[in-house]
2 protein chains.
Amino acid sequence: MKPIDIIIVDDHLLFSQALNGLVSNFKEFNVLTVLVNGKELVNYLSQKKQKPQIVLMDIQMPIMNGIETTKWLKENYPEIKVLALSMECDESTILAMLRAGAKGYLLKDIHPDILYHAINEVNTKGFYYTEIVTNSLLNTIDNPNNKETFLKERELEFLKLTCTENTYKQIADIMCLSPKTIENYREALFAKLNVKTRIGLVLFAIKEKIVIL
Amino acid sequence: MKPIDIIIVDDHLLFSQALNGLVSNFKEFNVLTVLVNGKELVNYLSQKKQKPQIVLMDIQMPIMNGIETTKWLKENYPEIKVLALSMECDESTILAMLRAGAKGYLLKDIHPDILYHAINEVNTKGFYYTEIVTNSLLNTIDNPNNKETFLKERELEFLKLTCTENTYKQIADIMCLSPKTIENYREALFAKLNVKTRIGLVLFAIKEKIVIL
DNA sequence: TTTTTTAAGGGGAAAAACCCCCTTTTTTTT
DNA sequence: AAAAAAAAGGGGGTTTTTCCCCTTAAAAAA
């Protein structure tokens, strides 16, 4: 039986290298490479190298984080399955990752055996969802004022720029919109997020990890 | 030559188990056990089991964290050397750990070879300090504009209120100061923190964990 | 195909934030 | 005891943000 090809993407070299050893111990798994951020994965795959079945992906990474990378994979290599490996267990991160297309979400404090099981499940069944994930989903479903889902792409873009020292005029330039249109975005978000000031927008964005500091 | 006995203390099982494999690959090292928090280490040592020369210690752990545990070791087993392994690189954590008695401080994004080198150095020379540690020390000692220390109580209070939807006028009321005085605080912080807008203050405060969301 | 929603833009005005330069009093250093 | 630093307050100004109410064109839904 052919082993499952895996790529590890994590900026904590000590962890990823150690994980490499751990995963490689199982003869069912074959680690193709260990990369330190999403950009490296994009480069790797662009070079027509061997494609993995599964990517073990960290979320917080410099340059290109796990969420962006997973989105990119869904667009360009939908057959590659992403298993998220993170220390974060806050709902918004989990949901962002699932929405981006992750097939599973594991915390780094799990036992190695669970990782072994999860990789196999993702490979055969296509997904592996732990209790933590299902709980997040349930919370979101029956909570109608669930903020994130109803923020559109362009609004997110605006929100991210709001969390900088740019004035709205500068944001308008960056987004190629009129300052007045930007005001509409602002007011729309004020209403949706139930805040009254730009500071409120920034706090929301950071709390929900729409921007990461 | 006798191998160096090591204990790994880290609550991220996936990491610690993987690290175990990594460290055990070197025949110079012998991992006695892997524990998930400081309390377990205290129990382990109390049972008169084999003492390690070196403890690889995480900082953020439930029940008994790395700083407390390192302090306890310094009191009770000063001959055991602690090498801190952390993802945090903020000055205050590093300093707290050094003050507690750690003989070295490594970030988890280092290359495994550096860990190998660090363990050997700690064992023979008694310490291993990377650039990140020395930089922290230097910053604290001779840098007068070392962010945290030179923010005064009242400025911190102001900064925290700045990270709310209160206007400066409201902040003035809360702090029982004139709005004009508040403006002075603002301008002083702009200069000190090298930002230009209230948003900049908020981002700084959150980044430095002066306010926690 | 009509209706509704979304995206884009705008006028005008009040409030808040930003900026620079200044005084007085108290506390701390030297 | 004199000098320096910190804490509090202010004048007068520009820019930015906030707010409300309005238009048009395109896209999506009914």
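Below, chain A is the first sequence line, B the second, and so on; all start at residue 1. As a basis for the values below, the full set of heavy atoms in this structure was taken, side chains included, without hydrogen atoms, waters or symmetry mates.
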Those residues of residues 174-183 of chain B lying under 4.0 Å from DNA chain D by at least one heavy atom:
Leu177(B), Ser178(B), Lys180(B), Thr181(B)
Note down the inter-axis angle between the two ends of the helix from dT1(C)-dA30(D) to dT30(C)-dA1(D), five pairs each, to the nearest 10°.
60°
Ranking dA6(D), dT17(D), dC18(C) by distance to the side chain of Arg186(A), first place goes to dT17(D)
Got a sec, which pairs hit salt bridge (charged side-chain N to carboxylate O under 4.0 Å, His left out) with one end in residues 4-16 of chain A, sequence neighbours left out?
Asp10(A)-Lys108(A)
Applying ring pair (Phe, Tyr, Trp, His ring centres under 6.0 Å), which residue pairs with at least one partner in residues 39-69 of chain A are found, sequence neighbours left out?
none
Without decimals, in angstroms, what is the distance between Ile199(B) CD1 and dA17(C) P?
10 Å
Spacing of Glu153(B) atom CD relative to dA6(D) atom C1', expressed in whole Å
15 Å
Determine, step by step, whether Lys71(B) and Glu68(B) satisfy the salt bridge (Lys or Arg N to Asp or Glu O under 4.0 Å) criterion, reporting the C-alpha distance in whole Å, the side-chain angles of both residues, the deciding distance to 0.1 Å, and the verdict.
CA-CA 5 Å; Lys71(B) 274 183 197 158; Glu68(B) 295 173 71; over 6 Å; no
Electrostatic pair Lys192(B):Glu155(B) at N-O distance under 4.0 angstrom:
yes
Counting the benzene-type ring for Trp, do Tyr128(B) and His117(B) have ring centres under 6.0 Å apart?
yes
Members of residues 162-171 of chain A that approach DNA chain D, where some heavy atom sits under 4.0 Å away
Thr167(A), Tyr168(A)
Identify all pairs in which a protein N or O lies below 3.5 Å from an N or O of nucleotides 26-30 of chain D, and state each distance.
none

Residue list, side chain to side chain contact (heavy atoms under 4.5 Å, CB included) with Asn43(B), at least two apart or on another chain
Lys39(B), Gln47(B)
What are the two closest heavy atoms between Ile171(A) and Leu161(A), and how far apart are they?
CD1-O, 3.5 Å
What's the CD-P distance between Glu187(A) and dC20(D), to the nearest Å?
8 Å
When the distance from CG of Leu156(A) to P of dA7(C) is rounded to whole Å, what number comes out?
12 Å
Residues, nucleotides or ligands: over 12 heavy atoms within 6.0 Å of Asp113(B) CG:
yes
Sequence neighbours excluded, which residues qualify as side chain to side chain contact (heavy atoms under 4.5 Å, CB included) partners of Val36(A)?
Leu13(A), Glu40(A)
So what does Tyr185(B) hit on the nucleic acid, given a heavy-atom distance under 4.0 Å: a base, only sugar-phosphate, or nothing?
sugar-phosphate
Just so I know, are the side chains of Leu41(B) and Val55(B) near enough to count as touching, which here means a heavy-atom distance under 4.5 Å?
yes
For nucleotides 21-30 of chain C, tabulate all protein N/O to nucleotide N/O atom pairs closer than 3.5 Å, reporting atom names and distance.
none

Residues, nucleotides or ligands: over 12 heavy atoms within 6.0 Å of Lys81(B) NZ:
yes
In plain terms, say whether Glu79(B) and Lys51(B) are close enough for a salt bridge, that is, a side-chain N and a carboxylate O under 4.0 Å apart.
yes
Within 45° cone of Tyr168(A) ring axis and under 6.0 Å: Arg198(A) NZ or CZ:
yes
Pairs in or reaching into residues 54-102 of chain B: which pass ring pair (Phe, Tyr, Trp, His ring centres under 6.0 Å), with residues at least two apart or in two chains?
Trp72(B)-Tyr77(B)
What is the distance, to the nearest angstrom, from the NZ atom on Lys196(A) to the P atom on dA16(C)?
13 Å
Separation of atom CZ in Arg198(B) from atom C1' in dT15(D), rounded to whole Å:
17 Å
Asn120(A): what forms a side chain to side chain contact (heavy atoms under 4.5 Å, CB included) with it, not counting sequence neighbours?
Ile4(A), Phe29(A), Tyr116(A)
Mind checking side chain to side chain contact (heavy atoms under 4.5 Å, CB included) for Ala205(B) and listing every partner two or more places apart, or none if nothing turns up?
Leu159(B), Cys163(B), Ile210(B), Val211(B)
In whole Å, what is the span from the CZ atom of Phe190(B) to the P atom of dC20(C)?
11 Å
